[in-house]
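Beneath this line is the structure, given in structure tokens, with notes to follow.
In what follows, chains are A, B, ... by sequence order, proteins preceding strands, each numbered from 1.
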Amino acid sequence: MKYYYTIKEIIKKKKKIINKKVRIKGWVKYFRNNLFLEINDGSTIKNLQVVLKKKNKEKINIGITIEVLGKLIFKSNNKDIEIIPLYIKIFGKIDINFFNNSILQNKYHSLSKLRKQSYLRFRTKIFSSIIRVRHNLSILIHNFFCNKNFFYINTPIINNYDTEGAGNMFNVTTLNIKEKYKNYKKDFFGCKANLTVSGQLEAESAMLGLCRIYTFGPVFRADNSNTNKHLSEFWMVESEVMFFKLNKIIKLSEKLIKFLIKKILINCIEELNFLNNYNNNKLINLLNNIINNKFIKISYNKVIKLLNNYKKNIIKWGDDIGSIYEEILFKKIFNNNIPLIIYNYPKIIKPFYMKINKNNITTKSFDILLPYIGEIIGGSERENSYKKLFLRLKELKMNIKNISWYLNIRKLGTIYHSGFGLGFDRLVQFITGMKNIRDVIPFPRYPKNI
RNA sequence: UCCUCAAUAGCUCAGUUGGUUAGAGCAUCUGACUGUUAAUCAGAAGGUCGUUGGUUCAAAUCCAACUUGAGGAGCCA
């Protein structure tokens with residue numbers, strides 16, 4: 001006999017091990033009629049029922065950790081399985097007063113209540129399902145890139161430059177507040193340091209030796225954003241590819257999103273069915289809609305025209321396409337829940353490193369917008385001329401001292417290349433149908449909350 | 001950061017124009033129950049009404065500030 005099975009394994013192998021002895025370890029989720037125990041061990045959304053023959057010697061409460069050795073049998077319907085125990089061991093008892101004040105009590109709790117006890121959320125059906133989906137998506141991202149011969153690069157979390165246009169930064173210092181304003185030379189790194197807002201610049205330099213690379217790590221933004229789709233600490237996938245022009249990087253992005261959704265619908269179908277139910281049965285249809293349709297590709301100019309045709313003077317050329325316009329595009333103009341690829345944004349609303357078109361007004365850039373949550377991917381062809389990049393930085397009055405290395409790579413055998421960044425937590429949010437991004441990351445960080 | 005709304009028992013919520021001792025359901029605890037799956041039945045316990053200040057003979061209720069949450073905007077991924 002195997003030492004112990006996960007519940008997932010037992011359900012999968014039930015025909016082979018029926019009427020045999022099995023051992024499981026997990027938590028008591030329900031205890032009914034003094035006889036029926038439901039055990040969950042986190043391996044799957046499903047519980048396994050244990051039926052006591054007589055009252056157990058030791059007291060059983062919901063929430064305790066338990067080991068059961070018993071015989072696996074079919075229920076009277078000859079389909080579902082349950083365990084008749086031979087031996088029960090209780091490991092982790094509970095403090096009932098503490099339990100009653102926790103979200104573990106067998107009751108409906110709002111998502112914001114679960115968030116207040118984020119260290120216990122993993123024991124709930126909904127949050128453990130989200131985390132299993134998140135885990136699978138992480139693995140799939142590596143699979144996708146690995147199959148295409150991309151290399152995974154770890155870019156630094158602490159750095160010393162300011163990528164303007166990517167939000168405010170958190171300082172990293174060992175000086176106290178009074179000392180800090182005196183002299184950064186005395187600080188730990190001998191200069192002003194901050195948590196990174198993006199790994200892109202380092203990713204580009206890695207690409208110059210490895211050709212096709214991606215990063216997957218945390219980034220930090222000190223923006224005072226209080227919304228359901230922003231976090232102060234979030235995870236981003238960034239990819240940089242040599243010899244790719246705009247069209248090719250757009251195609252790669254579309255393929256990535258479709259690959260992830262297609263595979264997650266297989267790997268996590270039980271979790272997604274549960275989440276589908278949680279979302280008025282609209283989630284699975286929405287996900288299928290994404291993988292079965294070609295994304296709509298449309299230029300920024302055309303989007304402005306469409307919006308102004310919808311309602312006169314609703315938006316000016318040069319404005320960013322904010323969330324109210326996204327909603328009009330998805331619900332009023334296209335009304336089909338197919339992702340939108342918007343390309344050739346004006347240079348005034350895009351960062352310095354994006355390649356500018358011959359008209360000197362628009363950039364070789366693109367965003368992919370998903371219904372309900374908006375921008376999920378932003379990318380572009382990168383400027384590879386040293387001179388143009390230098391002039392652009394001067395034009396934006398940016399400090400180039402700490403990114404001179406980034407400029408210099410343009411002098412050392414670079415050629416056209418492109419890249420994109422994908423907001424991982426927003427992707428998990430979209431795929432799980434959660435309304436708030438704080439509910440798809442284990443320990444969310446946002447203003448006034450740590 | 002701005003706008004709107006909210007905070008009452010462990011949870012989800014009632015609580016009338018300010019007026020006796022602030023209620024219910026579920027969860028918990030005690031007891032009963034060999035086929036339950038949101039189990040059921042009987043009983044018990046559980047609250048400084050988010051915090052601080054103010055108005056009033058009297059505040060869960062009215063006012064102010066703060067804290068936290070929800071929705072929307074901006075910033076963005």
Taking the C1' atom of each, how far is B/rC75 from B/rA14, in whole Å? 41 Å
Between A/Lys229 (NZ) and B/rG71 (C1'), how many Å, whole number? 14 Å
Between B/rU28, B/rC76, B/rC33, which one does the side chain of A/Asn100 approach most closely? B/rU28
Pairwise C1' distance for B/rG23 and B/rC49, with rounding to whole Å: 13 Å
Under 6.0 Å between ring centres, would you say that holds for A/Phe366 and A/Tyr343? no
With both distances under 3.5 Å as the test, what is the Watson-Crick or G-U wobble partner of B/rU68? B/rA6
A/Asn101 CG - B/rA27 C1' separation (whole Å): 12 Å
Taking 4.0 Å as the cut-off, does a side-chain nitrogen or oxygen of A/Arg438 come that near to OP1 or OP2 on B/rU68? no
Which sits closer to the 5' end of RNA chain B, A/Asn34 or A/Gly421, going by the nucleotide each is nearest to? A/Asn34
Can you confirm whether or not the ring centre of A/Tyr300 sits under 6.0 Å from the ring centre of A/Tyr345? yes
Any A/Met207 side-chain heavy atom under 4.5 Å of A/Arg212 side chain: no
Testing B/rU28, B/rG69, B/rC76 for proximity to the side chain of A/Arg115, the answer is B/rG69
Give a yes/no answer on whether the side chain of A/Ser323 brings an N or O atom under 4.0 Å of OP1 or OP2 in B/rA73. yes
Give me the distance, rounded to whole Å, that separates B/rA27 from B/rU67 when you measure between the P atoms they each carry. 38 Å
Answer yes or no: does a side-chain N or O of A/Asn226 lie under 4.0 Å from OP1 or OP2 of B/rG71? no
Give a yes/no answer on whether the side chain of A/Ser110 brings an N or O atom under 4.0 Å of OP1 or OP2 in B/rU12. yes
Does the structure show a Watson-Crick or G-U wobble partner for B/rG31, both distances under 3.5 Å? Name it, or say none. B/rC41
Scanning both residues in full, the closest heavy-atom pair of A/Asn344 with A/Lys364 reads OD1-CA, 4.1 Å
Of all the choices, B/rC75, B/rU12, B/rA39, which nucleotide is nearest to the side chain of A/Ser225 once you look at every atom? B/rC75
B/rU36 P sits how many Å from A/Leu52 CG, rounded? 15 Å
Is NZ or CZ of A/Arg23 both nearer than 6.0 Å to the six-membered ring centre of A/Tyr4 and within 45° of the ring axis? no
NA contact type, A/Glu238, heavy-atom cut-off 4.0 Å: base, sugar-phosphate, or nothing? nothing
Aromatic centroids of A/Tyr214 and A/Tyr152 separated by under 6.0 Å: yes
Determine the contact category for A/Gln105: base if any of its heavy atoms lies under 4.0 Å from a base atom, sugar-phosphate if only primed atoms, P, OP1 or OP2 are that close, otherwise nothing. base
Checking contacts here: which listed nucleotide (B/rU12, B/rG69, B/rG35) is nearest the side-chain heavy atoms of A/Glu82? B/rG35
Quote, to the nearest angstrom, the P distance that separates B/rA39 from B/rA45. 25 Å
CD1 of A/Ile62 versus C1' of B/rU36: gap in Å, rounded? 13 Å
NA contact type, A/Ile376, heavy-atom cut-off 4.0 Å: base, sugar-phosphate, or nothing? sugar-phosphate
Check ion pair A/Asp439-A/Arg115 (N to O, under 4.0 angstrom): yes
Between B/rG25 and B/rU61 - P atom distance, rounded Å: 26 Å
For RNA chain B, whose closest nucleotide is more 5', that of A/Thr227 or that of A/Tyr30? A/Tyr30
Between B/rG69, B/rC11, B/rG35, which one does the side chain of A/Phe36 approach most closely? B/rG35
Quick one: is B/rC26 close enough that its OP1 or OP2 comes under 4.0 Å of any side-chain N or O from A/Lys107? no
Determine the interatomic distance between P on B/rG47 and the same-named atom on B/rA42; round to the nearest Å. 24 Å
Determine the contact category for A/Leu422: base if any of its heavy atoms lies under 4.0 Å from a base atom, sugar-phosphate if only primed atoms, P, OP1 or OP2 are that close, otherwise nothing. nothing
So, does A/Tyr446 get its side chain near the phosphate of B/rG69, meaning an N or O under 4.0 Å from OP1 or OP2? yes
Looking only at the aromatic ring of each residue, does the gap between the centers of A/Phe122 and A/Phe443 stay below 6.0 angstrom? yes
Which part of the nucleic acid, if any, lies within contact of A/His109, taking any heavy atom under 4.0 Å across all strands shown: a base, the sugar-phosphate backbone alone, or nothing? sugar-phosphate
When all nucleic acid strands are considered with a 4.0 Å heavy-atom cut-off, which category describes A/Asn61: base, sugar-phosphate, or nothing? sugar-phosphate
For a quick check of understanding: with a heavy-atom distance under 4.0 Å over all strands, which category does A/Phe234 fall into, base, sugar-phosphate or nothing? base
Separation of the P atoms in B/rC26 and B/rC63, to the nearest angstrom: 35 Å
On the nucleotide B/rU1, are OP1 or OP2 found under 4.0 Å from the side-chain N or O atoms that A/Asn224 carries? yes
Are the aromatic ring centres of A/Phe216 and A/His142 under 6.0 angstrom apart? yes
Please determine if a side-chain N or O atom of A/Asn436 lies less than 4.0 Å away from the OP1 or OP2 oxygen of B/rA70. yes
To the nearest angstrom, the CD-C1' distance between A/Glu327 and B/rA73 comes to 12 Å
Between B/rU34 (C1') and A/Gln49 (CD): distance, integer Å: 13 Å
Whole-Å distance separating the CZ atom of A/Phe99 from the P atom of B/rC11: 13 Å
Report the nucleotide, chosen from B/rU37, B/rC33, B/rG74, that has the shortest atom-to-atom distance to any side-chain atom of A/Asn33. B/rC33
Is B/rU48 syn or anti, taking syn as a glycosidic angle within 90° of 0? anti
Would you say A/Arg32 reaches B/rA39's phosphate, i.e. side-chain N/O to OP1/OP2 under 4.0 Å? yes
Looking at the side chain of A/Lys75, which of B/rG74, B/rU37, B/rC11 is the nearest nucleotide? B/rU37
Roughly how far apart, to the nearest Å, are B/rA9 and B/rA64 at atom P? 24 Å
